[in-house]
Amino acid sequence: IDEQIREIGFKGLKSAPNDADLDGEDEELDETPEVEEEKKESVDNGDNISVGTEQQNPNAVEEFSSAYQTVMRLLENGEKIVSMYRIARIQGLDIIEGLLLFGKEHFYLIDGFTIVNHREVHDIEFIPANQYDPIIPTVPGQVPKIKPKREVSKFAFDEVKEVHKRRYLLQPIAVEVFTTNGQNYLLSFQKQFRNKVYQKFSLMATSILENAALSVSGQGRSANVEQATGLFSSLIGETSVTQRWVRGEISNFQYLMSLNTLAGRSYNDLMQYPVFPWILADYDSEELDLTNPKTFRDLSKPMGAQTSQRLDQFKKRFRDWDDAGTDSPPYHYGTHYSSAMIVSSYLVRTEPFTQHFLHLQGGHFDLADRMFHSIGEAWESSSKNNMADVRELIPEFFYLPDFLTNRNNFDLGMKQSGEQLNDILLPPWAKNDPKEFIRVHREALESDYVSTNLHKWIDLIFGFRQQGDAAAEVANVYHHLFYEGNVDIFSIDDPLQRNATIGFINNFGQIPKQLFKKAHPAKKLSGKGTNGVEVSGAAINSKIFFHNLTNLRPSMAPVKELKGPVGEIQPSERMIYAVEQNKVLVPGNSNRYLAWGFADQSFRLGTYDTDKAVFICEPNYLVGEVLTCVCPNPKLVLTAGTSSVVCVWIYHKKLKQLHLKHSLYGHTDAVTCLAASPSWGIAVSGSRDQTAIIWDLSRFTYIKNLPGHVGPVAAVNINELTGDIVSCAGSMLYLWDVNGTPIASINTAPSPKDKGAISDASQILC
């Protein structure tokens with residue numbers, strides 16, 4: 001965009017902008033002849049966006065036409081625009097204004113443009129500040145950030161997985177859109193249009209998930225998170241995520257993530273980032289005893305009430321509250337358990353959070369003694385030592401070891417004691433290994449004690465003890481501006497008061513949406529291991545095969561009679577699918593498979609039951625002979641072979657054809673194997689050039705090379721749960737993390753003398 005808009009300019013508007021999106025009647029709109037020749041567009045005047053000829057200012061017509069054409073050039077050929085909305089895209093601490101365009105088959109997010117005077121599309125950079133009102137009010141005195149790179153994103157409506165209503169600055173003005181490729185966007189609107197946009201997405205996105213197990217919220221759209229007790233709910237079989245957790249169908253980690261999603265917490269907004277509890281109180285022992293209650297934090301009390309001495313001071317503040325001249329009610333805590341600063345300080349060693357932290361700190365790191373540098377010291381500060389520190393944790397403490405190391409070698413300063421800050425200091429039981437810390441910490445989260453008591457913490461954060469008299473009883477009352485509904489920033493006329501209120505919400509935190517009005521039920525415990533720790537995901541009536549190994553029986557008949565060597569086996573809830581080599585099952589619809597390796601180098605989509613070809617895709621001889629293929633989702637196909645190029649194909653259902661969209665270059669010899677992970681948004685290719693490469697499936701770009709294989713790479717795979725990558729060459733097996741860092745390797749040859757040499761007797765094939 002940046003290159004195209006340089007020529008547009010802005011000669012000045014005659015009047016200040018008003019709200020652009022107003023309700024009206026649907027009407028097909030005229031366009032300038034130049035645009036009409038390039039694209040036949042129709043715009044819904046329900047949002048009052050028009051390209052009319054009745055303009056008062058001829059300069060405005062010329063400028064508007066140029067800006068509008070720039071936007072139109074970014075769309076698919078033949079796309080028809082149904083409606084436009086002004087948006088503010090929230091990304092961490094960045095607010096990027098732009099446009100949301102609804103087409104017939106796609107929606108578009110275009111940064112840097114806005115709608116002025118109800119009808120004119122303009123580039124924001126060329127609008128004078130006094131003639132433009134941003135969607136999100138700006139607060140004077142904020143440190144200006146480096147201007148983010150403009151983005152244009154396009155998604156088909158069938159790629160929309162979920163849409164959730166969201167808050168921003170505690171106002172009901174946002175929507176979060178989740179897509180099938182793992183990308184998601186938090187979009188803020190003018191207040192009167194949030195519900196309308198949500199309805200449009202719900203109407204036009206035909207593939208929104210109803211599968212509770214696959215949903216980011218852990219339940220269907222119609223389910224109520226507070227356990228349904230009505231007859232109607234029982235009859236139609238609605239199951240809430242709470243019921244699934246109580247029955248032991250999902251882990252504690254999964255449940256907390258689902259509750260955060262339902263309560264409006266988002267990875268896109270540092271001011272309302274997902275919140276997790278401190279669960280341990282022992283950061284000194286060499287080994288953790290998960291059967292000892294003293295190992296754990298008291299989950300029935302907020303962080304400010306973990307020690308009686310500090311609690312007494314908070315209670316005294318609440319009891320003796322006297323703030324003459326203001327309407328501020330009494331509170332225990334003037335700081336919050338989650339804020340942009342808390343999140344950024346935890347993740348300061350990892351980009352882009354380093355830049356967010358520097359932005360919050362005015363462009364430099366904080367004093368070394370105040371930086372997050374020790375797990376144990378952070379617990380001591382937030383549980384008893386610091387009256388201004390009642391922070392909880394974030395999800396990364398249970399799955400991401402990378403944030404604990406200073407891999408980027410940032411100069412974080414030196415403490416007064418002379419200690420140079422670098423990696424996070426871990427408790428003794430972590431054995432100075434970030435991965436071991438994450439493993440043990442996650443094990444503790446799924447332990448018996450936490451499973452038995454987690455509902456008490458949920459009552460404090462998401463439940464009936466979040467506010468009101470019930471919160472006061474357990475010393476869980478925060479400043480009133482932390483709560484939704486206590487202030488409407490758009491109704492404050494005094495600019496000083498409005499800016500102060502926005503700054504307070506931005507800097508100090510936001511209480512999640514209240515999900516439960518009654519006490520939360522406890523989890524039903526299942527069988528225990530020898531160490532007293534509940535097996536993660538083990539339910540009383542578990543259907544997971546390795547919980548019932550004694551009940552496994554071989555089938556009396558073959559799963560399927562194949563015509564050649566087995567190429568892929570895929571289980572489903574009802575049956576097991578199997579296809580020959582050079583065939584791959586299409587995910588989401590295992591009744592279809594894609595086949596290759598024919599003499600004419602074509603692709604064929606066939607039906608599983610009859611083996612009849614649904615369509616034949618003519619070969620593209622530039623890609624060479626295909627040796628391997630993978631389908632990450634029903635619309636995406638990756639192929640590779642003798643040309644050394646990884647080809648990305650998009651399946652067009654209406655045309656029944658595969659279209660080559662991207663060619664990924666990196667290998668210098670034939671590509672022999674492919675793997676893809678929709679969950680992690682990556683693909684891995686292995687080649688005869690003795691390397692493997694990680695690719696980004698969202699942007700279709702190179703990420704990292706995995707070198708050091710002893711021979712041609714014969715097989716690769718990706719762990720859907722952890723993102724770890726396995727590659728094989730000769731008799732060697734290699735393990736890498738999702739960032740491409742080597743973890744381990746082993747020679748699987750039967751005798752040490754083979755030393756990874758390639759031979760028919762020792763080579764790993766799959």
Side-chain angles (χ1 to χ4, degrees), residues 350 399-409 423 426 430-443 546 567-569 627-628 630 632 638 640-641 644 646 664 666-697 701-766:
T350 307
Y399 70 82
L400 187 70
D402 304 73
F403 86 97
L404 298 168
T405 58
N406 186 18
R407 186 176 294 179
N408 293 317
N409 296 316
D423 295 344
L426 302 176
K431 314 303 182 189
N432 203 30
D433 182 355
K435 291 186 175 65
E436 178 66 5
F437 171 82
I438 295 296
R439 186 194 69 79
V440 175
H441 207 213
R442 184 69 170 266
E443 184 181 20
F546 54 78
E568 182 182 12
I569 300 174
L627 300 177
T628 180
V630 65
L638 274 65
S644 79
V646 177
L664 308 179
H667 291 293
T668 58
D669 203 341
V671 178
T672 54
C673 50
L674 283 171
S677 169
S679 300
W680 290 88
I682 61 171
V684 179
S685 58
S687 169
R688 290 176 187 163
D689 63 12
Q690 302 186 18
T691 68
I693 293 178
I694 306 176
W695 308 95
D696 184 339
L697 281 185
T701 55
Y702 169 93
I703 296 179
K704 191 168 184 179
N705 185 31
L706 307 180
H709 295 87
V710 297
V713 180
V716 291
N717 213 333
I718 305 169
N719 187 316
E720 282 291 317
L721 181 63
T722 64
D724 290 342
I725 298 165
V726 175
S727 59
C728 307
S731 61
M732 295 294 295
L733 192 65
Y734 302 86
L735 180 64
W736 320 75
D737 68 13
V738 70
N739 294 316
T741 303
I743 298 175
S745 62
I746 187 172
N747 189 347
T748 63
S751 61
K753 64 182 181 180
D754 290 335
K755 298 189 183 300
I758 302 171
S759 69
D760 294 338
S762 63
Q763 186 172 356
I764 300 174
L765 299 178
C766 61

Do you know which two heavy atoms are closest between [X] and [Y], and how far apart they sit?
X: Ala430; Y: Leu426; result: CB-CB, 3.9 Å
X: Asp724; Y: Asp737; result: OD1-CA, 3.6 Å
X: Leu674; Y: Leu638; result: CD1-O, 3.6 Å
X: Tyr399; Y: Arg442; result: CB-NH1, 4.1 Å
X: Asp669; Y: Ser687; result: O-OG, 3.1 Å
X: Leu664; Y: Trp695; result: CB-CZ3, 3.5 Å

Would you compute the distance between atom [atom1] of [X] and atom [atom2] of [Y] and round it to the nearest 0.5 angstrom?
X: Thr722; Y: Leu735; atom1: OG1; atom2: CG; result: 8.0 Å
X: Phe403; Y: Ile438; atom1: CZ; atom2: CD1; result: 5.5 Å
X: Leu627; Y: Arg688; atom1: CG; atom2: CZ; result: 6.0 Å
X: Ile718; Y: Ile725; atom1: CD1; atom2: CD1; result: 5.5 Å
X: Glu436; Y: His441; atom1: CD; atom2: NE2; result: 12.5 Å
X: Leu706; Y: Ile703; atom1: CG; atom2: CD1; result: 10.0 Å

Kindly say whether [Y] contributes a backbone atom to a donor-acceptor pair with the side chain of [X] at under 3.5 angstrom?
X: Ser677; Y: Glu720; result: no
X: Asn739; Y: Thr741; result: no
X: Thr672; Y: Val713; result: yes
X: Asp689; Y: Thr668; result: yes
X: Asn717; Y: Val726; result: no

Inset, instruction - Look at atom CG of Asn432 and say whether more than 12 heavy atoms of other residues, nucleotides or ligands are closer to it than 6.0 Å. - result: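 No, the 6.0 Å shell around CG holds no more than 12 heavy atoms from other groups.
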Does the side chain of [Y] come within less than 4.5 Å of [X]'s, by heavy atoms?
X: Leu697; Y: Ile682; value: no
X: Ile693; Y: Lys704; value: no
X: Leu733; Y: Ser745; value: no

Inset, instruction - Could you tell me how the ring of Tyr734 sits relative to the ring of His709: parallel (under 30°), tilted (30 to 60°) or perpendicular (over 60°)? - result: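 Perpendicular: the ring planes of Tyr734 and His709 meet at over 60°.
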Legend entry - Steps toward side chain to side chain donor-acceptor pair (under 3.5 Å) verdict (Asp423, Thr405): CA-CA 4 Å; Asp423 295 344; Thr405 58; 5.1 Å; no
Legend entry - Candidate pair Thr748 and Met732, rule side-chain contact (heavy atoms from CB on, under 4.5 Å), full reasoning: CA-CA 6 Å; Thr748 63; Met732 295 294 295; over 6 Å; no
